[in-house]
Novice: 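Handing you a structure now.
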Number of protein chains: 2
Amino acid sequence: MIRIPRQGLSQDVVLRAAVDLIEEGGLPHFSMGELARRLQVKPASLYNHVESLEQLLTLVGDDAVKKLVAAETRAIAGKRGQEALFALAQAYRLFARNHYQLYRIIMAFPKWENPVLEQEAGEIVSPILQMLSDYGLTEEQQIHWQRILRAQMAGFAFHEQAGGFSHYSADPDESFRLGVQCLSDGLRRAGGNVV
Amino acid sequence: MIRIPRQGLSQDVVLRAAVDLIEEGGLPHFSMGELARRLQVKPASLYNHVESLEQLLTLVGDDAVKKLVAAETRAIAGKRGQEALFALAQAYRLFARNHYQLYRIIMAFPKWENPVLEQEAGEIVSPILQMLSDYGLTEEQQIHWQRILRAQMAGFAFHEQAGGFSHYSADPDESFRLGVQCLSDGLRRAGGNVV
DNA sequence: AATAAAAACTAATGATATTAGTTTTTGAGG
DNA sequence: CCTCAAAAACTAATATCATTAGTTTTTATT
């Protein structure tokens, strides 16, 4: 017996509204009460669609990771080697910039032990591995370099949005380019310069 | 007129207790009530020494940054060039590992706009710049490479503690070594291989 | 010993997430 | 069309939290 909810509320609608609210005002201003008001509903009603605030935030984080992975995948589509690497890194950086609040939620996960996130984490890696496949690396090397690349992208995005790069006048775009280029060079050396 | 507090409580004592409590149980389990209990005091009494929870957490974050900078500075003492670079990176990584909860607080700052943190942020950079001074870089290059190094260290520490590196068997120590080596190589090329 | 200030307390407020129990809506089957 | 069960929304309550106002206690200096 499939029922259609009274006023169109569902977990998906709640999640989407939560994402919107967080993107607008950030996590500190977010609350079940605020979300309920946005959905024209009493706070208690949300619990028909969501277990708890914690679960809701996990859903939001999961959604954010999916969007990030989608952006990465889109970025490398039809590209290879160095071009794919730069596009991937750029996409990551732009996501963190354009979805500041969502990126913060991703970074705020204490541990990625959640079964859903576990899966998503794997999907973060796959576009990177796909791109790395052009570099002639062993399987173990691919693991190492995928970690190094993720570290650089995440660290750069984090520092940039935290304002840690604003003390000096040098262009962050150029810092980013140099960093990616350095990794690209190291990558090519590791793989025997086949690219 | 200098008064000595009734039972030895002061901002410094409160701060230290807060740091201990956070290191033990993490930020989610931390509260003014819990802190007050630990200090054998009623919650309201804490406000004689601290403005608010927010200010207290800023103090904790500031303290954490100071400890990180101290560890970095200690690491490069008496070392130069590549040796200093590896020691610095290792110290950063170990701090994030050994003070997991404090490192999370550092990462959790929305913006480093706080005047105290502003100053501390500058001190994060100075041991790195000191180490870079051996590489024969222009001033602008130093800014870029300092950013790249910080990004790699922060990103690696973050992923490692979030569990994002645990999906594959390859040794994270080796990933880290390769990443730092890659940056060291790029750094030497940028500076004309003077090191 | 007296006093003023600091520090701790009690008690209250308002926000929060969450739960129990009740009412309302809704769609499916007779 | 009417009934009924389930889903969804509601009301009301609880417990926790940070924080503040106002009061009492302690303590160092005079």
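Because the structure is a prediction, the values reported are computed rather than measured. Letters go in sequence order (proteins before strands), and every chain restarts at 1.
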Novice: Establish, with yes or no, whether the OP1 or OP2 oxygen of C/dA7 is under 4.0 angstrom from a side-chain nitrogen or oxygen of B/Ser45.
Specialist: no
Novice: Salt bridge or not for B/Arg189 and B/Asp185, using N-O below 4.0 Å?
Specialist: no
Novice: From OH of B/Tyr47 over to P of D/dT23, roughly how many Å is that when rounded to an integer?
Specialist: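 Checked: the OH to P distance equals 21 Å.
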Novice: Rounded to the Å, how far apart are A/Glu51 CD and D/dA8 C1'?
Specialist: 17 Å
Novice: May I ask whether A/Leu15 and A/Tyr47 are part of the same hydrophobic cluster, defined by side-chain heavy atoms of I, L, V, M, F, W, Y residues being less than 4.5 angstrom apart, directly or through others?
Specialist: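 Same cluster.
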Novice: As a test of reading the structure: which of D/dA18, C/dA20, C/dA17 is closest to the side chain of A/Ala44, going by heavy atoms?
Specialist: C/dA20
Novice: Give the nucleotide from the list C/dC9, D/dA9, D/dA18 with an atom nearest to the side chain of B/Met32.
Specialist: D/dA18
Novice: Of the listed nucleotides (D/dC10, C/dT18, D/dA18), which one gets closest to any side-chain atom of B/Leu53?
Specialist: D/dA18
Novice: If you check every side-chain atom of A/Lys42, which of C/dT18, D/dC10, D/dA9 has the closest atom?
Specialist: D/dC10
Novice: I'd like to know if A/Arg150 pairs up with A/Glu72 as an ion pair, taking the criterion as any Lys NZ or Arg NE/NH1/NH2 lying under 4.0 Å from an Asp or Glu carboxylate oxygen.
Specialist: no
Novice: Whole Å only: how far is the CZ atom of B/Arg37 from the P atom of C/dA8?
Specialist: 18 Å
Novice: Send over the distance from A/Gln55 CD to C/dT18 P, rounded to a whole Å.
Specialist: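 Going from A/Gln55 (CD) to C/dT18 (P), I get 10 Å.
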Novice: Whole angstrom is fine here: how far is it from CG in B/Asn48 over to P in C/dA6?
Specialist: 10 Å
Novice: A/Leu56 CG to C/dT16 P: how many Å, rounded?
Specialist: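 Computing the A/Leu56:CG to C/dT16:P distance gives 15 Å.
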Novice: How many Å lie between CD on A/Glu34 and C1' on C/dA15, as a whole number?
Specialist: 12 Å
Novice: Same cluster or not: are A/Val13 and A/Val41 linked, directly or through other Ile, Leu, Val, Met, Phe, Trp or Tyr residues, by side-chain heavy atoms under 4.5 angstrom apart?
Specialist: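 Yes: a chain of side-chain contacts under 4.5 Å links A/Val13 to A/Val41.
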Novice: Whole-Å distance between C/dC9 P and B/Gln40 CD?
Specialist: 10 Å
Novice: Before accepting this row, confirm whether a basic side-chain N of the pair A/Asp173/A/Arg93 lies closer than 4.0 Å to the acidic partner's carboxylate O.
Specialist: yes
Novice: Reckon B/His49 has a side-chain N or O less than 4.0 Å from the OP1 or OP2 of C/dA8?
Specialist: yes
